[in-house]
Amino acid sequence: MKYDYDKNALKGLSIGPFLNQVKTRNKMIEAAPDDMPQSVFNVNRLAAALHPARQFVKIASVTGHGDAKSFVLVPDREKGTEKLAYFRASQYVSVELNIDGALVNKPYTIRSGPKDALGTDSSYTLTIKLTDPAYASKYILDNWKEGDSLSISGPLGDFYYQALRDAKHVVALAGGSGITPFFSMACAIVDGIEDFDMTILYGSRSSENILLKEEIEALAAESKGRVKVVHILSHQEKEGFEHGLITAELIKKYAPEGDYSVFMCGPKAMYDFEDGETAKLGLPKRRVRKEMSGDYLGVEKDAGYPKPEEQEFRLTVDIRGEKQTVPCKAGESLLWAMERAGIAAPSHCRSGECGWCHSRLVSGKYYCPKEADGRRMADEKFGWIHPCCTFPLSDMEICVYPIVR
Ligand code: FES
């Protein structure tokens, strides 16, 4: 092939470096050290800082509030955590617990605002209330004390404000300790980190057991009208408080004119009730959101649960070829059965949302509540399950893949 180009443009250029290219390169290779070149990209550094698999923390202080306590967690620098990861207001961390040999990961919302995670004094505050059934919460309230070391996950969960999806005004329905994500959001609004308005309809049994009452009201006062709190008492009539449950009428009474989103956080019984009430509001589906982390309790009451005749099954767990068989009660998740047997099964949200417990079904029949089935269609088709939301209907065998740290 004949190339037509202007040869004059190349006149005067030395071809020496070109001819010596191989020699020069070989010399550089000879002179280079034998170690593998090290390089960490900035994007990887940022990802590691924002999404650490583990964080080591110490309890800096403990404050009691009746049947709840607040724990301020700071980095445990002796164990290698220099600074806590930044988070979106209302995200959670899962806490590693060893309760009498049962290895459990439990999710708890970071109640403080994201601003507290910044700087050299970075901290998270968790407020944990005694729950029913009182298992992990009782262990924590009885045992955690100032100076204790803990291992927690990085921040997780997607129950946060998303300007592209959510309305500029959020009506937050909180039940008991369900105030914690909204407390974090209120901090973020006051600190100028989040830009939306929020009306919190906060349900409690009586005025004596309103968790963090003074603290959330102080935040509302500081917010220059962007955060409002309305207390609703289910078991007491008192002047200055609403009485009863958070009904559609009550939501309409305090919601702004025009567009708004409803966020809710509380126990399953509250969700069952609020599903009916929020349906009456006629809002588009994306305008109603629920915090889902935490165990799926009371599966026996699900309309679709095919109550098995037997009360206990055998669950065989295969971890990298090592098999062990443990008992699993009807109505109990496979995750609970593994934890009780001391198996270090991976989990974070415990509600079918995060996918962390993703395991392969080898055999057996099971029930997975529709509401907690966060699997993709392909997962279900090719036999993948989330043990945190899988309830046995026969003996079962599964393969579990714990993270190697
Ligand atoms: S622990 Fe999150 S999906 Fe099971």
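These numbers come from a predicted model, not from an experiment. Both counts, for ligands and for their atoms, begin at 1 and track the order of listing.
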Would you mind checking if E397 and R314 are paired as a salt bridge, meaning a charged N to carboxylate O distance below 4.0 Å?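 The answer is no: the pair does not qualify as a salt bridge.
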Under 2.8 Å from atom 4 (Fe) of ligand 1, is there any N, O or S atom belonging to H386?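 No, H386 does not qualify, because none of its backbone or side-chain N, O or S atoms lies under 2.8 Å.
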Can a donor-acceptor pair be found between the side chains of [X] and [Y] at a distance below 3.5 Å?
X: Y271; Y: E371; result: no
X: D195; Y: Y161; result: no
X: H169; Y: S261; result: no

Got the closest protein heavy atom to atom 3 (S) of ligand 1, with its distance?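 Of every protein heavy atom, G355 N, 3.2 Å lies nearest to atom 3 (S) of ligand 1.
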Please assess V104 against Y135 for the test side-chain contact (heavy atoms from CB on, under 4.5 Å), listing each intermediate value before the final yes or no. CA-CA 10 Å; V104 180; Y135 178 55; 4.2 Å; yes
For [X], take its heavy atoms, then give the atoms of ligand 1 lying under 4.0 Å from any of them.
X: G352; result: 3 (S)
X: H348; result: 1 (S)
X: S347; result: 1 (S)
X: C388; result: 1 (S), 3 (S), 4 (Fe)
X: R350; result: 1 (S), 2 (Fe)
X: C354; result: 1 (S), 2 (Fe), 3 (S)

May I ask you to identify, for E353, whether its side chain, its backbone, both or neither come under 4.0 Å of ligand 1 on a heavy-atom basis?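 Contact part for E353 vs ligand 1: backbone (N, CA, C, O).
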Looking at [X], I'd like to know if its [atom1] atom is crowded, meaning that more than 12 non-hydrogen atoms belonging to other residues, nucleotides or ligands lie closer than 6.0 Å.
X: D142; atom1: CG; result: yes
X: K280; atom1: NZ; result: yes
X: D121; atom1: CG; result: no

Between C349 and atom 2 (Fe) of ligand 1, is there a contact where an N/O/S atom of the residue lies under 2.8 Å from the metal?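 Checking C349: at least one N, O or S atom is under 2.8 Å.
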Please determine whether C357 has a backbone or side-chain N, O or S atom lying under 2.8 Å from atom 2 (Fe) of ligand 1.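 Of the N, O and S atoms in C357, none lies under 2.8 Å from atom 2 (Fe) of ligand 1, which means no.
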